[in-house]
Every structure is written in structure tokens, then in C-alpha cells.
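Got a structure here, written out as C-alpha cells. Questions coming.
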There are 2 protein chains.
Amino acid sequence: MEAKPRLIPFDAATARVEALVAPLAAELVRLAEASGRVLARNLRAAAAVPAANQALADGFAVRAEATLGAAAYNPLDLPLLAIATGDALPPGTDAVVALDAAEPSLPGHIAVVEAVAPGQNVMRRGATAAAGAVVAADGTRLAARHLGLLAAAGIAQVPVIRRPRVAILLVAIAAVDTPDANAPMLRAAVARDGGIAADAEVLPRDRPAIAAALAAVEADMALLAGGTGPGADDHAAAALAGVGELAFHGVALLPGESAGFGRTSGGMPVALLPGMPAACLCAYELLAGRAVRRLGGRDPALPYRVRRLRVARKLVSAIGVTEVCPIRLGPDDTVEPLPSLAEIGLAAAAAADGFVVVAAEREGYPPGAEIGAYLYEDA
Amino acid sequence: MEAKPRLIPFDAATARVEALVAPLAAELVRLAEASGRVLARNLRAAAAVPAANQALADGFAVRAEATLGAAAYNPLDLPLLAIATGDALPPGTDAVVALDAAEPSLPGHIAVVEAVAPGQNVMRRGATAAAGAVVAADGTRLAARHLGLLAAAGIAQVPVIRRPRVAILLVAIAAVDTPDANAPMLRAAVARDGGIAADAEVLPRDRPAIAAALAAVEADMALLAGGTGPGADDHAAAALAGVGELAFHGVALLPGESAGFGRTSGGMPVALLPGMPAACLCAYELLAGRAVRRLGGRDPALPYRVRRLRVARKLVSAIGVTEVCPIRLGPDDTVEPLPSLAEIGLAAAAAADGFVVVAAEREGYPPGAEIGAYLYEDA
């Protein structure tokens, strides 16, 4: 049996994870498949959008100057040039009189009863994008509105960062016949972070078997859950060291202190996650998830927004380790601490509205203290 | 040609949309497929989780009382009961001495050099969930942490609200040969809102053809984009009225005033969306999306968080209509107005960090005014 691994500070661990991982290469995908993907370079409009001055209302194309002085008591006779929303304006016209601002007149004519300004009810040629203008910037995570704009600019395929394929390896729990919680949890978290999780593979608590499985993985990253502790039966770190390099093993993070990170000799990043589900979740969220997000071109930071709130009751945390403390939102921008992840496991996370990451040098926060809470916002 | 449709207030329109739509029925899905889905009833643990008092550290199971007074200068001799994280505690023990708090001793014995308290390094039987306790509540949108907890509770299938299948019908743009922006945009928005969008179908600007297409749709909802204006060639509203009921057509919403809503005689909700892309996006986001989200059991409200911010420069909006004004985040919790959606189309949405929905009775906001801005947060 080995001694407890030396723990590196949490901030050092996140810095190592981010330094060991770089965004994947780009691939071309059809616009219809590009939602949520991260653009790999600036995209420019080949031609002006819209391609011509374009009607924004159903009505009649006019030269605005010719409507000067038009009013209900002074209808002005103009040629009838019917136009529908989206149509290009005919040559010599620069505005659209809406249907209800004109009345029928002689055949081929209208009586305009409201003056219009030049450009009224018109989107000018190139107003959405001049020819050659950037319509979506490198690094944009493509949402509905970007896809609409790219389609309008005639762009049918887009270069995006490849989605990371993530292998999930589970080292069998020692003795208790507990249903596995980690595989469905990690698969969902990987998908949320833009990755493609493979079906989980269960490994025996055996160093050569774990090493062989790591060496055989065909993916952009592997999550290896379980077998990370100091016990005689824990081989995850040694197996990774044997087939590559172990950047760290043991983090001053609670729960999650047996987490580690490294890569195989082939350069594939491998995150070591504790086997206990609450610690596994925590180590994924705070460490491994950063790598998945970064591989896929996303911001590696936690995918939750931070809100400044006040602690309603004393929030207690362990000194010397960065602790993840689940919280619930209370009235008037306050947070209530929940029982810890160590105490009640995943129930603490499932019941929480979010969590506070308490720095190692703190023992918690007194009532009334202002803290930055990460909020799940998936209710 | 008809007169401009009478516009109903935006709040009345959203109330009508929500009243016309109800969540779909539940279906059973495998836990592995349940990420992001909305739970259709409370789920309870069949048995206690964990099923036994469980070690939270690698070490030795002990009766805590027997370690009283243990110290480096006073090692206490105890029977060796090696235990790994996750193991059930043997009968008669109630705590775990970590590996580094004990030393080798006579065969079958350890010398404990640190006292432990009862329950130390142990998760108690049922601490995560008592037998029969609710582990996930009706209406929960299942995230990674919920899936982990459900798996730990031995739940392999979950009842979730069915994902709405959404048909997309596009009425051809009148004259300009513009690439369609609406189909890729709407498909991405529907997917974000939990729906399953079918491939778009393009229809001629012809009332019987639109009516026939609506009547033939096999889906939980249809989005009909284009043909919503007051022009002679606009048949969307009349076609819907012909095959069902039109709840409203014309909303005091800018852009998006030609939007409408109704349902077919078969009871399928149909949203009428303007054909111009910026107005189409806006009418989807503020009206139709509510129906998609509600069908799938989600909160119908806008899927963006609201942040209280200050207007850096005067924000101008049209009086008498609810206006969607794109904004960019500035320094020090301020927002900068961008050119309007009417002026530059989707480029305004694509460049924005979010938007402000300005009520009909306001002409905008003066510099320094506090507003609630919806933020995209997909950067």
C-alpha cells in the first residue's frame, strides 16, 4: 500500500489540464448540422446581403421625393408598381408605400395619401452584410441566428472544430454490488460539453488490463473512472504512467482529491476520475470537463454562469483544499448551504441550484458574506 | 388586397399561445437517452442508497470507540479489516481509518495512530436516498447529476415528456432569388428548445396548396414561415383559418408584426411566422418557441437569462409596439444599443450579446436607465 498521493493545488491542476490540451482540427459540415458547433475561421459574405434594395412591406415601390406633400386631403397620383415583402425595388424607386397608405386610382395608377422618406420600408443592398464582410467570426458557437445569417449569405458548408470523441473506461468497484452511476452521468456531461461519448467499457481492477485498455483507445480523450485511490487495488495512475505520462495525481479538491490527468504516449489526454459518483462528478466538472470543452474549441471555464449572492447561513468548508459546496437559492439573492457531497453523495448535487467553489485558504463564509455561485439553471 | 391586420398586444399573444398548447404525453426512455429530457412524474428510490454503510476512503474498518486515544506515541492495536472506497463496512464497524493513519503490525493486526469519530470516512446507508424517497421530481430537466443519482438508485428507464415533432413549412419568397435563411435557423431553434424539426417543405404562394399542406402535416406542431403579410399574394392566415382556427394574426411586435397562431381542426398548433428572416427569428423566439417549449414540458419563457444592466447610450424604440432591440454588453454592466433588426436584419442578431424587449408604451430608454436584458451567452 502506498502513502496518500501528494496533492497539487486546484488552480495548478486546472492550469496543467488546459496546457496539455489544444483544440482539435477543423472539419467541414453542412449548415444544417452546424448548430452548437464552434467556427474554425472567419466567414465572409461572397456578395452583398441583401443583393438588392429590398422591400420590407407589401405595397408600392415609389421614388420618395414624388410623395412629398401626400395626405388624405391631397392624394398624389403615382404609377402602380406593386411590390411584396422581400422583393427587389424596381430601378428608379427608393421607398415602399405600405398598402394602407395608398388608394386605388386609374388603372395602372395609385393615389398616395402618406408621404414616405427615402429608404422607408426598404432594407438597403448590403445592409446585412457588404460583399466580403465577416458574417461570423472564428470561435463563434453557432446558434440559430448565426445559421440564418450564414444561409442568407449563401454559405452552405462551414468549417468547425471537430467534436471530441471521448472514451469512458470504468474500473469495476471493488466489492459492493452497486449499480454504476458514472457512465450515464459522464456521457451526459460530455454531450453537454460538445463531445461524443462512446459506450462505457468496464475494466477489472488490474494494472496491465487498464494499461492495455488505455493503449487501445481510439478517441480524442479518455475518462478513466475508478481505481484512483491509494489502496493496493488502485492501479489507474500507475497504468497511465506506464503507457504515457502522468501530469498529476492527487488534487487539493473536495470531493475529488484522487483525480489525475495525463496522456498516453500517443498524445491522447486521459483524465483520472474517482470512482465514487459525487467525487467523479466533481472531478469531471472542475477538471476533466475543461479538457473536453477545450478540445472542441469551447471556453474551458465551467459552463455555468456565476451570480453574486449572499450566504444566508454559515457555509462551512474544509481548510487546505478547494471545496465544492452545493447550494440552494433562497429569497432576496441569498444562498442556503446544502449537506455536503461527501455526506450525502449525488443527492446533494441533484437537489442543488448550483454550487460554490471555496478556495483552499478559506474555512467557509459567515452569514451575509457575498460569494460567486455557479448556477445550473436547468430547472 | 386587404387592410393591415388588426394587431393584438404582445402580452395577449403570448397568453393565447400558451393557452392553446399543453405538454405532450410521457414516454419511457432508457436512462442513457434521457439527458435534457423533462421528467413526467416523481421518481422514488426502490431501496436505500447506498444499500449499506459504505467506505469513503481506502483503509481499515474499525469501531470508532476502539480508536479513542490513538496517536503516533500511542499506537493502538486493532484487527486488520482492509477496506476499499465503495466497500460495505463489515458488521460491528462504524468508521474507516485512512491508510496513512495506521501502520503495519502483527499479522492480521494494525497499529492505529489517529483516532476516528463514528461515521468518519463513511457514507451511511440511505444517506443519498432513503428507500421510497423522491430522487427526482416531476418536471426536472434531467442533467448529468440527476442521471447519476437515478442510476445509483437502480432506475434504468424514466418517464419523460415526449419531444415535440415540429414540421417546418416555407412559403416561397415572391420574386428575389434569395437563399432561404429560415429553415436552418428554425431547425436549430427548435432543437435548442427540445423539439425534433423535420426537413423543411417549400410551398407555393397559393392558398389551397398551403391549406392542403397544413392538413397533411403529421407532427405535434407546425411552423409556417412566409405569406403572412397583407399582400394579395399572402395566404398563410386564410389557409390556416380554412383548415382549423386562427387564434390571432397580427401582433404589436417589431419585428414580427405579421405573426399569427392557431391550430388545425385536428388540434395541431400552427405558428405563422413572417418570411423576412429577422422578423421570422423574432416571432419564433418571442411567440412560437413558447409553444415548442411548452409542448416538451419545459418552461415556456424565453430560454435566456435576464440581467439587470444600464443603458450606455439612448436606446430608441417604436411606441405602440413591443420592440426587440439587440444590444451588446459594454464595460461596467452597461449595454450598447445596436442597429435595429429592421435596419440590418439578422446581422443585428448575430452581432448581439442579447436583446431588450421594450414594452409598447415606451419610446426607449434614456442613458443610465436600468433595463432587463436577455443574454444569449453562447459565445
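Only heavy atoms go into these numbers, but all of them, side chains included; no hydrogens, no water, no symmetry mates. To find a chain, count down the sequence lines: A is the first, B the second, and so on, and within it residues start at 1.
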> Do B:Arg298 and B:Val38 have side chains that get closer than 4.5 Å, going by heavy atoms?
Replying inline: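 B:Arg298 reaches B:Val38 side chain to side chain.
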> Which region of A:Ala45, side chain (C-beta onward) or backbone (N, CA, C, O), has a non-hydrogen atom less than 4.5 Å from a non-hydrogen atom of chain B, or is it both or neither?
Replying inline: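 When you check distances to chain B, no heavy atom of A:Ala45 falls under 4.5 Å.
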> Can you say whether A:Ala129 sits under 4.5 Å from chain B via the side chain, the backbone, both, or neither, judging by heavy atoms?
Replying inline: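 Neither part.
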>> If the condition is salt bridge (charged side-chain N to carboxylate O under 4.0 Å, His left out), which residues does A:Asp193 pass it with, not counting sequence neighbours?
In response: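 With neighbours one apart ignored, the set is A:Arg293.
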> Which region of B:Leu281, side chain (C-beta onward) or backbone (N, CA, C, O), has a non-hydrogen atom less than 4.5 Å from a non-hydrogen atom of chain A, or is it both or neither?
Replying inline: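 The side chain, not the backbone.
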> Going through the distances and angles, do B:Leu186 and B:Tyr284 end up as a side chain to side chain contact (heavy atoms under 4.5 Å, CB included)?
Replying inline: CA-CA 8 Å; B:Leu186 292 173; B:Tyr284 178 87; 3.8 Å; yes
> Would you call B:Arg192 and B:Glu285 a salt bridge, taking side-chain N to carboxylate O under 4.0 Å as the test?
Replying inline: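 Yes, this pair counts.
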> With chain A, which of B:His146, B:Met185, B:Glu343 has the greatest number of heavy-atom pairs at distances under 4.5 Å?
Replying inline: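 Most pairs with chain A among the choices: B:Met185.
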>> Any side-chain to backbone donor/acceptor pair from A:Arg141 onto A:Arg37? Under 3.5 Å, distance only.
In response: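 No, A:Arg141 side chain to A:Arg37 backbone: no donor-acceptor pair under 3.5 Å.
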>> Less than 4.5 Å to any heavy atom of chain A: does that hold for the side chain of B:Ala55, its backbone, both, or neither?
In response: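 For B:Ala55, the backbone is the part near chain A, not the side chain.
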> Hey, is A:Glu377 close enough to A:Arg305 for a salt bridge, meaning N to O under 4.0 Å?
Replying inline: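 Salt bridge flag = yes for A:Arg305 with A:Glu377.
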> Do the side chain of B:Gln54 and the main chain of B:Gly86 share a donor and acceptor less than 3.5 angstrom apart?
Replying inline: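 Answer holds: yes.
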>> Is B:Ala352 close to chain A through its backbone or its side chain, or both, or neither, when contacts mean heavy atoms under 4.5 Å?
In response: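 Contact with chain A: backbone only.
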> For chain B, which of A:Ala152, A:Pro303, A:Gly154, A:Ala197 has the most heavy-atom pairs under 4.5 Å?
Replying inline: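 Of the candidates given, the most pairs with chain B belong to A:Ala152.
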>> As an exercise: rank A:Leu147, A:Val49, A:Leu149 by heavy-atom pairs under 4.5 Å with chain B and give me the winner.
In response: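 Heavy-atom pairs under 4.5 Å are most numerous for A:Leu149.
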> Between B:Ala278, B:Ala350, B:Pro277, which shows the greatest number of heavy-atom pairs under 4.5 Å with chain A?
Replying inline: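 The candidate making the most pairs under 4.5 Å is B:Ala350.
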>> Please classify the contact of A:Asn182 with chain B as side chain, backbone, both or neither, using a heavy-atom distance under 4.5 Å.
In response: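 The answer is neither part of A:Asn182.
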> Sequence neighbours excluded, which residues qualify as salt bridge (charged side-chain N to carboxylate O under 4.0 Å, His left out) partners of A:Asp333?
Replying inline: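 A:Asp333 satisfies salt bridge (charged side-chain N to carboxylate O under 4.0 Å, His left out) with A:Arg307 only.
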>> With a 4.5 angstrom heavy-atom cut-off, is it the side chain or the backbone of B:Arg124 that approaches chain A, or both, or neither?
In response: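 For B:Arg124, there is no contact with chain A at all, as no heavy atom is under 4.5 Å.
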